[in-house]
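Lettering follows sequence order; numbering is per chain, from 1. Since we're looking at a predicted model, the values are computed, not measured.
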Amino acid sequence: MTLRLHDTLTRQEEPFAPRDPERVRMYVCGPTVYDLAHVGNARPVVVFDVLFRLLRHTYGEGKVVYVRNVTDIDDKINAAAKANGEPIRALTDRTLAAYHADMDALGALRPTHEPRATEFVAPMIAMIGRLIAAGNAYEADGHVLFSVPSFSAYGQLSRRNRDEMIAGARVDVAPYKRDPADFVLWKPSPEGIPGWDSPWGRGRPGWHIECSAMSETLLGETFDLHGGGLDLIFPHHENEIAQSVCAHGGLRTETHFARHWVHNGFVMVNGEKMSKSLGNFWTVRELLEEGIPGEAIRLALLKTHYRQPLDLTRERIAEAKADLDRFYGALRRAPGRKGGTLDAGFVAALEDDLNTPAAIDLHLKRRLAAVNEGEAGAADALLAMGAILGLLQQDPEAWFKGDGDASIDALVDARVAARKARNFAEADRIRKLLAEQGIVLEDTPQGTLWKRAG
RNA sequence: GGCGCGGUGGCCGAGUGGCUAGGCACCGGACUGCAAAUCCGUUUAUCCCGGUUCGAUUCCGGGCCGCGCCUCCA
């Protein structure tokens with residue numbers, strides 16, 4: 001069995017075949033660092049983290065190179081910094097640190113490389129120069145624009161043609177464009193806005209060029225997989241293909257540039273896309289501050305197939321938390337060890353276009369039942385499968401107790417003594433006392449366990 | 001207007017041309033000093049209309065509904 005992934009280019013499942021199994025390369029579009037990430041932003045992070053873990057499992061930990069860029073040149077950043085009266089670098093550093101903290105809480109591994117746009121301006125300028133020299137771009141009115149008619153394959157990813165796009169355009173076409181579909185590679189920066197010196201004057205790059213320059217620098221002209229949210233297909237990824245392919249000398253083979261294009265569906269709220277502009281978003285940070293474990297958010301995301309829309313509700317998150325309570329409860333009573341064997345069906349489910357719901361509901365749950373029935377090795381298998389999904393790796397005691405509390409332990413001990421003396425009135429009094437503090441007790445043959453409810 | 005995605009039982013959510021996952025919730029039972037946890041059992045479905053087929057939830061066509069992209073967007 002080999003990994004099969006739905007490819008946006010062909011709109012079909014395709015077998016995943018890296019060019020070089022010794023160096024599997026993936027690129028995923030990362031955050032624009034001007035504000036906290038919401039759950040919609042977190043979905044691709046979690047989805048591609050599972051893919052990253054699966055590929056590391058298949059090809060070896062050191063054999064997978066995962067690049068996720070950080071966009072720190074952007075007009076929204078400029079506006080936010082101005083509004084805060086804060087230097088741009090301070091804003092982007094602070095936002096990136098928050099992003100890291102939040103994504104860490106979701107159990108996402110750090111990518112191999114996290115290039116920042118500000119560190120790649122020179123490669124971007126060089127690439128733009130090549131595009132001009134090749135006749136794929138032109139300078140006009142202080143801007144450099146990509147000439148869409150110069151690239152015959154334009155539109156193949158999003159399956160739209162130029163004429164349709166122009167007919168349906170909802171924005172005015174800038175007067176300096178030769179063709180209405182042309183897009184900006186470089187634009188002038190007025191005073192007070194970040195700018196870099198270039199052959200076309202002081203300016204800043206357009207949105208799309210950073211990914212082309214970064215992927216080329218860090219992964220080479222061709223790599224194995226390019227991912228991101230559904231909303232990036234057009235125009236971002238379409239334009240990226242045009243820039244990269246033309247900068248690399250034009251279309252040579254069908255699999256030029258990225259070989260597989262993988263896009264995740266949206267997080268929805270009440271049937272609508274979660275987005276900053278609609279204002280219907282929950283930041284990861286606010287959920288964490290409410291006391292929801294990051295792992296519960298992660299599981300809530302993974303219980304839906306990555307290409308399906310996911311309607312996120314409090315109930316969903318609570319259900320994921322309850323699932324984890326069961327898993328950790330079982331692991332608490334029967335601790336597993338690292339190095340367990342993965343169930344074959346589990347890997348097969350993930351290799352079937354990352355079918356995480358099947359992997360969880362079928363295989364993880366089956367092993368959970370086996371752990372509860374005392375089957376040898378079941379907890380080990382559960383831990384091993386959890387590691388591929390980025391779940392169940394915490395200490396079960398810590399999951400239930402948080403930082404712990406000596407006063408609770410003392411009360412629990414007092415109740416154990418009362419029970420031993422068959423003083424059930426006192427035992428129940430203590431249990432009630434603890435329940436008022438949100439502590440739930442569990443008497444087991446091995447002793448009394450406690451956990452925080454909710 | 002153009003392009004695209006989806007509609008499964010109370011809820012979530014997969015697979016599959018016939019043998020119809022799984023989870024959650026609910027209900028009943030076992031276990032327990034009482035609980036908790038766990039285990040056992042029960043229940044409910046494939047948007048509508050045609051077509052192909054011996055047979056469709058699954059394939060094809062049409063319709064209805066919801067959503068998305070075409071502007072920044074994960």
Quiz item: Leu354(A) CG to G15(B) P: how many Å, rounded?
Solution: 13 Å
Exercise. Check every strand shown and say whether Val45(A) touches a base, only sugar-phosphate, or nothing at a heavy-atom separation below 4.0 Å.
Key: nothing
Exercise. Let me know the distance between CG of Asn264(A) and P of C5(B), rounded to the nearest Å.
Key: 17 Å
Practice problem: Measure from CD on Gln308(A) to C1' on G15(B) and round the result to the nearest Å. | Solution: 13 Å
Quiz prompt | Pro190(A): partners by side chain to side chain contact (heavy atoms under 4.5 Å, CB included), with sequence neighbours left out | solution = Ile193(A), Arg204(A)
Quiz item: Counting side-chain heavy atoms from CB outward, which of G33(B), G13(B), C70(B) is closest to Phe234(A)?
Solution: C70(B)
Practice problem: Would you kindly check whether a donor in the side chain of Asp231(A) faces an acceptor in the base of G68(B), or vice versa, at under 3.5 angstrom? | Solution: no
Quiz prompt | Of all pairs that satisfy salt bridge (Lys or Arg N to Asp or Glu O under 4.0 Å), the ones with a partner from residues 285-296 of chain A, not counting sequence neighbours | solution = Asp102(A)-Arg285(A), Glu290(A)-Arg314(A)
Quiz item: Is the shortest side-chain N/O distance from Arg316(A) to OP1 or OP2 of G13(B) below 4.0 Å?
Solution: yes
Under 3.5 Å, N/O pairs linking protein and nucleotides 22-24 of chain B:
from   : atom 1 : to        : atom 2 : distance (Å)
G22(B) : O2'    : Asp361(A) : O      : 2.4
G22(B) : N2     : Asp361(A) : OD2    : 3.0
G23(B) : O2'    : Lys365(A) : NZ     : 3.2
C24(B) : O3'    : Arg326(A) : NH2    : 3.4

Self-check item: All pairs passing salt bridge (Lys or Arg N to Asp or Glu O under 4.0 Å) where residues 368-391 of chain A contributes a residue, at least two apart
Solution: Arg367(A)-Glu375(A)
Quiz item: Watson-Crick or G-U wobble partner for C5(B), using a 3.5 Å limit on both distances?
Solution: G66(B)
Quiz item: Is there a donor-acceptor pair closer than 3.5 Å between any side-chain N or O of Arg116(A) and the backbone N or O of Asn69(A)?
Solution: no
Quiz item: In whole Å, what separates the P atom of G18(B) from that of C60(B)?
Solution: 16 Å
Self-check item: Sequence neighbours excluded, every pair satisfying ring-ring contact (aromatic ring centres under 6.0 Å, His included) that has a member inside residues 272-304 of chain A
Solution: His38(A)-Phe281(A)
Quiz item: Within the structure shown, what part of the strands sits under 4.0 Å from Met274(A) by heavy-atom distance: base, sugar-phosphate, or nothing?
Solution: base
Quiz item: Applying a 3.5 Å limit to both distances, which nucleotide forms a Watson-Crick or G-U wobble pair with G41(B)?
Solution: C27(B)
Exercise. For C39(B), take OP1 and OP2 only and decide whether either is under 4.0 Å from a side-chain N or O of Asn372(A).
Key: yes
Exercise. Provide the full list of ring-ring contact (aromatic ring centres under 6.0 Å, His included) pairs with a residue in residues 92-121 of chain A, sequence neighbours left out, each pair given once.
Key: none
Self-check item: Selected nucleotide, minimal atom distance to Glu442(A) side chain, candidates C39(B), A36(B), G68(B)
Solution: A36(B)
Quiz prompt | Main-chain N/O of Arg89(A) paired with Asp72(A) side-chain donor or acceptor, under 3.5 Å | solution = no
Strictly under 3.5 Å: I want the nitrogen or oxygen pairs between protein and nucleotides 44-46 of chain B, one per line.
none

Quiz item: When the C1' atoms of U46(B) and G7(B) are considered, how many whole Å apart are they?
Solution: 10 Å
Quiz item: C1' atom, C26(B) versus C65(B): distance in rounded Å?
Solution: 30 Å
Quiz item: Is the NZ or CZ atom of Lys276(A) positioned over Tyr34(A)'s six-membered ring, under 6.0 angstrom from the centre and within 45° of the axis?
Solution: yes
Practice problem: Mind checking Glu315(A) for me? I need base, sugar-phosphate or nothing, with any heavy atom below 4.0 Å counting as a touch. | Solution: nothing
Practice problem: Would you indicate, yes or no, if G13(B) has its OP1 or OP2 atom less than 4.0 angstrom from a side-chain nitrogen or oxygen of Thr304(A)? | Solution: yes
Quiz prompt | Qualifying residues under side chain to side chain contact (heavy atoms under 4.5 Å, CB included), relative to Pro15(A), sequence neighbours excluded | solution = Arg4(A)
Exercise. Would you tell me whether Tyr66(A) and Asp49(A) have side-chain atoms, one donor and one acceptor, within less than 3.5 Å of each other?
Key: no
Exercise. Please list, chain by chain and in numerical order, all residues satisfying side chain to side chain donor-acceptor pair (under 3.5 Å) with Lys303(A), sequence neighbours excluded.
Key: Glu319(A), Asp323(A)
Self-check item: Atom pair CZ (Arg178(A)) and OG (Ser147(A)), whose distance is rounded to the nearest 0.5 Å
Solution: 7.0 Å
Self-check item: Arg419(A) bridged to Asp443(A) by N-O distance under 4.0 Å
Solution: yes
Exercise. Strictly below 4.0 Å, heavy-atom distances to any atom of RNA chain B: list the hits from residues 381-390 of chain A, or just say none.
Key: none
Practice problem: With sequence neighbours excluded, tell me which residues meet side chain to side chain contact (heavy atoms under 4.5 Å, CB included) with Ala330(A). | Solution: Arg333(A), Leu368(A), Val371(A), Asn372(A)
Quiz item: Atom CG of Leu232(A) and atom P of U71(B): how far apart are they, to the nearest Å?
Solution: 14 Å
Quiz item: Can you check the Ile233(A) CD1 to G4(B) C1' distance for me, whole Å?
Solution: 9 Å
Quiz item: For Asp443(A), which contact category applies under a 4.0 Å heavy-atom criterion: base, sugar-phosphate, or nothing?
Solution: base
Exercise. Scan every strand shown for a Watson-Crick or G-U wobble partner of U53(B), both distances under 3.5 Å, and answer none if you come up empty.
Key: none
Practice problem: Examine distances only and state if a side-chain atom of Thr71(A) and a backbone atom of Thr32(A) form a donor-acceptor pair shorter than 3.5 Å. | Solution: no
Quiz item: With distance as the sole test, does Tyr306(A) use its side chain to make a donor-acceptor pair with the main-chain N or O of Pro44(A) at under 3.5 Å?
Solution: no
Practice problem: Would you please confirm or rule out a distance under 4.0 Å between OP1 or OP2 of A35(B) and any side-chain N or O of Lys432(A)? | Solution: no
Practice problem: Check every strand shown and say whether Arg333(A) touches a base, only sugar-phosphate, or nothing at a heavy-atom separation below 4.0 Å. | Solution: sugar-phosphate
Quiz item: Within the side chain of Arg298(A), is there an N or O that forms a donor-acceptor pair under 3.5 Å with the backbone of Leu106(A)?
Solution: yes
Quiz item: Given the P atoms of C54(B) and U42(B), what is the spacing between them in whole Å?
Solution: 37 Å
Self-check item: Interatomic distance where CZ belongs to Arg307(A) and C1' belongs to C67(B) [whole Å]
Solution: 16 Å
Practice problem: With heavy atoms under 4.0 Å as the rule, sort Arg332(A) into base, sugar-phosphate or nothing. | Solution: nothing
Quiz item: Does a distance-only test, which skips hydrogens and angles, find a donor-acceptor pair under 3.5 Å between the side chain of Arg11(A) and the base of G4(B)?
Solution: no
Quiz prompt | Nucleotide nearest Arg160(A) when distance is taken to its side chain, options G33(B), G13(B), C70(B) | solution = C70(B)
Quiz item: Which part of the nucleic acid, if any, lies within contact of His305(A), taking any heavy atom under 4.0 Å across all strands shown: a base, the sugar-phosphate backbone alone, or nothing?
Solution: sugar-phosphate
Quiz prompt | Nearest-neighbour nucleotide for the Asn355(A) side chain, A36(B), G15(B), A74(B) considered | solution = G15(B)
Quiz item: Which ones in residues 26-43 of chain A lie close to RNA chain B, meaning a heavy atom under 4.0 Å from one of its atoms?
Solution: His38(A), Gly40(A), Asn41(A)
Quiz item: What is the distance from CG of Leu157(A) to P of C5(B), rounded to the nearest Å?
Solution: 13 Å
Quiz item: For Asp352(A) and U16(B), what is the distance between atoms CG and P respectively, to the nearest whole Å?
Solution: 7 Å
